[in-house]
Every structure is written in C-alpha cells, then in structure tokens.
Amino acid sequence: MRPLLLPILISTALVGCNGSSTSGDTAPELGGQMHTLTAIDGYLSNAKIMTGNNCTIELGVTDQQGQYSLTEQQLNDGICVRAIAGETVDLSRGVVTAGFELKAADSFVVSPYSNMVADYQLQGQSLEDAKQTVVTMMSSLGADSSLVFADYLQVAEQGSDSAQAIAMIGETLVDHQSSTIDQQAAIVEAIVSDVQAVVNDPNTDFNEDYVPTVTVNQDGSVQVSANHKPSLIEVMQPDDQIAWLGLPYPAVDVSEWFQDQDGDSLSYELDIANEDTTLGLSIDQTNLLLGTPNKIGTFDVFVVAIDQHGARSHAASFTLSVRDQNNAPELNEQVKSQLQAMLNQQSIVQDSAFNQTFPLTGLFTDADGDNISYSIGSVTKPAGLDWRIQGEQLIAEGTPTQIGQYQIELVSSDGFEQSATVSLSYQVVAPAADLPPVLNPNKATEMQAWLTSLAWQEGVYIKSSFDTSGLFSDEGHVAIKTSGFGVEGMMSWIDGNEHVHFEGTPTREGSFSIDVLGIDEQGQTSDFKLYGKVNVAGNGKPVLDWVEYSKVEAEISAWSLTVNVPLTTSIDVSGLYSDPEGDIITLKPSGSDVGLTYTIDQHGVLHVSGTPNRVYDSNPIYISANDSVGATDPSRWTDARFVFQIN
C-alpha cells in the first residue's frame, strides 16, 4: 500500500492553472526540492500534467501509480491534471472514456475537491474561504481538510467509512464534470445528506459499492436515488492472457466477473489502454468476450460493467500478449557445458549410496518470455539409481548396482506445446581397491595455520583444540593419532571426538614437530608432519579463537552458491582473533577471483557479494589479522583459511 501523502500547505494563493505567474506559453524553470504530486479520481495513470496560462503547457505524464514529481514553485505557478480519453487509465475504473481536467489548489494531491476549490477561487473567494466551503460540505461525514485534500483513496482502502464516502462522491463529481460549480455543490450536498446517517453509525459499515443515481434538474435542484454500482467478484477476476495473431480468441463470459446487489441488468464495456480500437475483440449480446486479435503486442485490457442507471463498476483488468508465433525454448550451450562438467566430476560408485542435486537454472531460455518447466525424457540407468526433476533441479539418488556409461535426456517445455531437449551423460564406476587414507591438503594447511597462530611463547599459558574432521578421507572410518610431540611444560591428547588438544606453559624456546597419522579400519596409515616453534616471551601475534573459528567455518562451509546466481551475505568475524597484549587488531579478507568481493567493516562484519563465475569445489577465503599500528608491519599478519563450494 502506498504511503499517505499529507497535504503540503503553500502560502501563495493559487487559482487553478489561471493563477500562473509565468507569462506566455513558456514552461517555468525547474528548481528547488522535488515533491510527489498524486492525481486522483481513482489514481490516474498516463494523465498529462499541464501548466501555464489556461493550462496550455505540458510538463509530462503521471506514472503507473498516478504520480508525478515537481517542485513547490511549479505548483504555485499553476497545475492541471488532464485525463485523455482512451489514453489515461483510472486504476480503479479502467480506461478513461470521456476526458476531463482537474485543477490543483495548494496541495500535491489533485482531485475533484481541489478542482472545486480552484473554481470557487475563480468566483472571487480566497484560498482559505474556498477550502472551507468545500470542507463544510463534508463536515457532517466527519471529514476535515486533512482528509478531503489528501490521498483519501489510501485511507478508504484502510476501511474508513468517511474516506469511502468521499471517494464515491469524488467519482460522482468526475462523472458530472460538465456541471457548474454550483451544480457540483448541490450534488455533493445531496449525496452527503443521503449517506451521512450510515457513515456516522458506528454499528454499520458504509457499503463501498453504494453509488446513488444523481439527477440534476433544469432548475438546478438535485435528486438522489439509492443505487449500487456493479461490483467485482474477486475470485473470478481474469488472469493475464496470451493469444495468437489471426487465430480466434477463446470466448469468455465476462458476466461471471461482476455482480449487482440491486439485481439490475448489466451491460459491459471493453477498453484497451492507448489503443484506438479493441484489437478485433468485442463483447457480444450474450456477454462473451471474443474475436480474432489483429495486432501484435502486449496490451492492458479493461472490462467495466454498467448497470441500468449508468453506474459503472471498477474495472476487471488483465494483460493480453498477442503473438505472431510461439518459439520453442533454446538451449544455452554454456550452461549445458557446466552441467555436463558437474556430472563428469561426480564419483558415482557401484554399490555405494549416491545423492546429488544439479541446478538447471538457465539451461534453456525462451524468446517469448514463457516460463520453462523441465521433465525427464528417455534415460538409461543402472538398477538402484533414480533421477527426478524438482522445479529447476535435477536430482539423482539411490545405490547403483551396475557400472557403465549412461545417458539422460532433459525435456524443456514453454507451456504452449513447444519443447526442446538435451542429452547428458554420466558414468558409474567400480569400487576402488582398498587404499590408505587420503590426506586432505586443505585441511592439513588449515591445521598447520592453527598451530602457527597459537604464537607459542616461553612462559605463556596455552590452551586450544582443533577438530580433525575431514583431515583424511577413506571408505571407512579413519582414526587420528599423534606422535613425536615433546615440548616441556605442555600436554597433548586426542579426545573421543578426535579433537587434538594442547594445554600448558612451554618452559623453553625452540622448534618442535608433531607427526599426525590417519589409520583406516584395515590398519593402513597416512601421515604428515606439523611444525611449530616456542618463541622467547615478547609481543605475540594475534591468536585465533578456535571456538569462534569453528562457528565461522561451519557457516561458511554451509553456503549454497550457484554459478551465475548473485549472492549477498555477511558474517560477524569480530571475535575470530584476540591479541595476548591487547593490541588493536586489523582484519583483512581475501579470496580467489571467482566474481565475489570480500570486505570487513568497522564492526568486524565480513560482507560477501557478487555473482560466482565458475564452479569451484573448495574455494578458499582467508581472514587475516595484524596487530601492528595501522597493519603496517607485514611480518605481523596471521591467517585463517575457510573453504566453500560453488556449484
């Protein structure tokens, strides 16, 4: 819902467009703060904004919300809103069928009520007297100037009886646009008298479809008869449509879109915005919308119901796209290559469970802009492995029982009997012979970085741990052991969850090493060596907090990134490091060039944004810390490494 536009009071009196301070037919210069002008019968879209003597200079047209930006000076110079038949769209009542003009007063809401104020000024009333004259007519409805000269349509949408009555009277004034100001005043007073009891009754809701029939007699008197305009049946409103040039449009009964609580007979009017014709369509005597479209394009179609008293409904509307032909989806060869590369990288092993999802976004495009759906066509597969489509994802799951090279065909459909296919291949391989555990070099590098980051110092207490999960890979469980550690004053052990722990106070400086072994269930081993050094007590580098590291690592590793899909995310890394001496720490992010940008703000929050431009199984990102003043000493940097996957 759009925000309520409160009236902005201007000290200079304004008499419609006739109060212009400019001479001739030259538009005033644009300057000063811009304000939003709102044009109201319903909101008037594509209405001309006019200025100058007698409103002869066009400034522009209102947007799709019935708004236009101008300055306070331009409002003082005089503004009119000109609704053009067949071009201007009333967002409530559809295409304007009879042009009209509304003059502004002293607010940036132009409506039938600001137009009455301007007309009273032409009769010699002051601005304040003219406004008071109009407000007095409405006062028995509980309305004041803050409602009458504001965006009362928005207030009406919120359920205000007063605003709904004012909106109805405003539409009636537009329908009687040729009446004099005195006749319009008589119309307002007659309708107010008719509805004030209901509006002021707290136990009765004003019926927003109530539009009394108004008759202006030759002697100027006004008669009001109770009536309701036809209303929309919300659940029956039409969806946007697609039709084909030269082919019959499927007939639809427009009477199913409307109802009339008075039981009046209804007729129906078809209008198409910004078109002189109805494109070969019409509503026949049986209320069927039918015909053969004769023009290509996208059009805004409006259907209005009119009762036997001339009361017009709000419009049922939909967008109609008329095409000369329907194009089949087209394969994006680059996305196909990426998808095939992902399939080639999979380790689908005989008699081993497999579950993987592959994105299909962008695999096919459609020149008509139709939504594309996917299905699986012909497929060869081993027993035990199933493929299925879920939205724009291809999912494989199961335990294949046979090795071999297989094919899968994907079918794209645009929903209009046009489709295109692509074939992809995948392979199921035999289980590998039992091999020793395989060291994960990224995890090993991470473990070495952890050991180095502890900044061991003689006589300084240390307590830290490291999660060895993923350090070695194997078909079965891998146990972790360490050996060779002999730092005086320190203890080292591995707990039941295979976290490596160090605790104690080193008693002497010197270098040391630790052997880390991975032992599989068959007793085969792999190992690597960690190196460390106990320094003489002094100013230590920033120290990584491994509790915080574990939290950040878990969050980053859980990122779900897809190539060519934009990403914006952030993580608090302010607690990742501490400094033994309490020095101020500078944080710096870095990473691979994969289309992403990394920054850390003054609060220690890591921001990542951009569009991944390639698939990357273990993409690294480093968060580094430096405790020198202004991070000017390059030897004071210490790093923490994290990885995430780009699919």
Side-chain angles (χ1 to χ4, degrees), residues 1 40-45 89-98 152-176 191 194-195 197-199 201 203-215 223-241 249-273 278 281-291 299-320:
M1 183 170 289
I40 289 179
D41 171 18
Y43 297 115
L44 297 173
S45 172
V89 175
D90 181 317
L91 298 187
S92 297
R93 303 205 282 175
V95 178
V96 170
T97 56
Y152 50 78
L153 295 181
Q154 186 181 67
V155 182
E157 290 177 0
Q158 298 170 357
S160 166
D161 285 359
S162 296
Q164 290 174 356
I166 289 171
M168 178 268 290
I169 296 171
E171 289 184 352
T172 304
L173 288 173
V174 169
D175 292 341
H176 290 78
I191 298 178
D194 179 51
V195 301
V198 173
V199 171
D201 186 347
N203 298 316
T204 304
D205 289 332
F206 181 76
N207 188 332
E208 60 183 357
D209 294 325
Y210 183 71
V211 180
T213 302
V214 175
T215 303
Q223 291 179 324
V224 172
S225 303
N227 187 46
H228 296 82
K229 66 184 177 185
S231 60
L232 300 175
I233 303 174
E234 294 298 333
V235 297
M236 299 297 294
Q237 292 310 290
D239 296 324
D240 293 343
Q241 303 288 319
Y249 180 81
V252 58
D253 187 352
V254 301
S255 67
E256 295 179 351
W257 301 346
F258 302 91
Q259 62 187 359
D260 189 278
Q261 72 178 78
D262 300 320
D264 293 335
S265 60
L266 303 179
S267 60
Y268 302 93
E269 179 179 281
L270 171 67
D271 294 295
I272 299 179
T278 56
L281 303 178
S282 62
I283 300 174
D284 70 8
Q285 294 181 348
T286 63
N287 304 325
L288 292 179
L289 172 60
L290 41 72
F299 308 94
D300 292 325
V301 180
F302 299 86
V303 176
V304 175
I306 307 168
D307 72 10
Q308 62 198 51
H309 308 288
R312 299 171 63 87
S313 71
H314 284 183
S317 62
F318 61 93
T319 297
L320 175 65

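Side chains are part of it too, since the values below use all heavy atoms of this structure and drop only hydrogens, waters and symmetry mates.
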Within-4.5 Å side-chain heavy-atom neighbours: Tyr210 and Asp194: yes
Note: Ile40 and Leu153 closest approach over all heavy atoms is CG2-CD1, 3.6 Å
Kindly indicate, with the supporting measurements, whether the criterion side chain to side chain contact (heavy atoms under 4.5 Å, CB included) is fulfilled by Phe302 and Val89. CA-CA 9 Å; Phe302 299 86; Val89 175; 3.4 Å; yes
List the atom of Ala163, the atom of Tyr152, and the distance in Å for their closest heavy-atom pair. CB-O, 3.6 Å
Would you compute the distance between atom OG of Ser45 and atom CG of Asp90 and round it to the nearest 0.5 angstrom? 10.0 Å
Verdict with reasoning, Trp257 to Leu232, per side chain to side chain contact (heavy atoms under 4.5 Å, CB included): CA-CA 6 Å; Trp257 301 346; Leu232 300 175; 5.6 Å; no
Smallest separation among heavy atoms of Val301 and Ile272, with atom names: CG2-CG1, 4.2 Å
Below 4.0 angstrom, N of the basic side chain to O of the carboxylate: do Glu269 and Arg312 qualify? yes
Which atom of Leu281 lies closest to which atom of Thr278, heavy atoms considered: O-OG1, 2.5 Å
Gln241 to Tyr249 - nearest heavy-atom pair and separation: CG-OH, 3.5 Å
Among residues at least two apart in sequence or on other chains, which ones pass side-chain contact (heavy atoms from CB on, under 4.5 Å) with Asp240? Phe318, Thr319
Evaluate the side-chain proximity of Phe258 to Val303: yes if any heavy-atom separation is below 4.5 Å, no if none is. yes
Separation between CG (Asp300) and CG (Asp271), nearest 0.5 Å, reads 12.0 Å
Please evaluate residues Leu266 and Ile306 with respect to the criterion side chain to side chain contact (heavy atoms under 4.5 Å, CB included), reporting the C-alpha separation (whole Å), side-chain torsions for both, the decisive distance (0.1 Å), and the verdict. CA-CA 5 Å; Leu266 303 179; Ile306 307 168; over 6 Å; no
Calculate, to the nearest 0.5 Å, the distance between atoms CD1 and OG belonging to Ile283 and Ser255 respectively. 10.0 Å
Considering only heavy atoms from C-beta outward, does the side chain of Val199 approach that of Asp201 to under 4.5 Å? no
What's the spacing between Tyr268 OH and Ser313 OG if we round to 0.5 Å? 9.0 Å
Okay, side chain of Thr172, backbone of Met168: is any donor-acceptor separation there less than 3.5 Å? yes
Under a 3.5 Å distance rule, please check whether Asp307 uses its side chain to pair with a backbone N or O of Pro230 as donor and acceptor. no
With a 3.5 Å cut-off and no angle check, do the side chains of His314 and Glu171 form a donor-acceptor pair? yes
To the nearest 0.5 Å, what is the distance between CG on Leu44 and CG on Leu91? 7.5 Å
Looking at every heavy atom in both Asp262 and Asp260, which two are closest together, and how far apart are they? N-OD1, 2.9 Å
Can you tell me how far CD of Gln308 sits from CG of Asp264, rounded to the nearest 0.5 angstrom? 4.0 Å
Under 3.5 Å, is there a donor-acceptor pair between the Asn207 and Gln164 side chains? no
Looking at Asp175 and Arg93, is there a salt bridge between them, counting it only when a charged N and a carboxylate O are closer than 4.0 Å? yes
Evaluate Val211 against Asn227 for side chain to side chain contact (heavy atoms under 4.5 Å, CB included), listing each step before the verdict. CA-CA 6 Å; Val211 180; Asn227 187 46; 5.6 Å; no
So, Asp209 versus His228: side-chain donor-acceptor pair below 3.5 Å or not? no
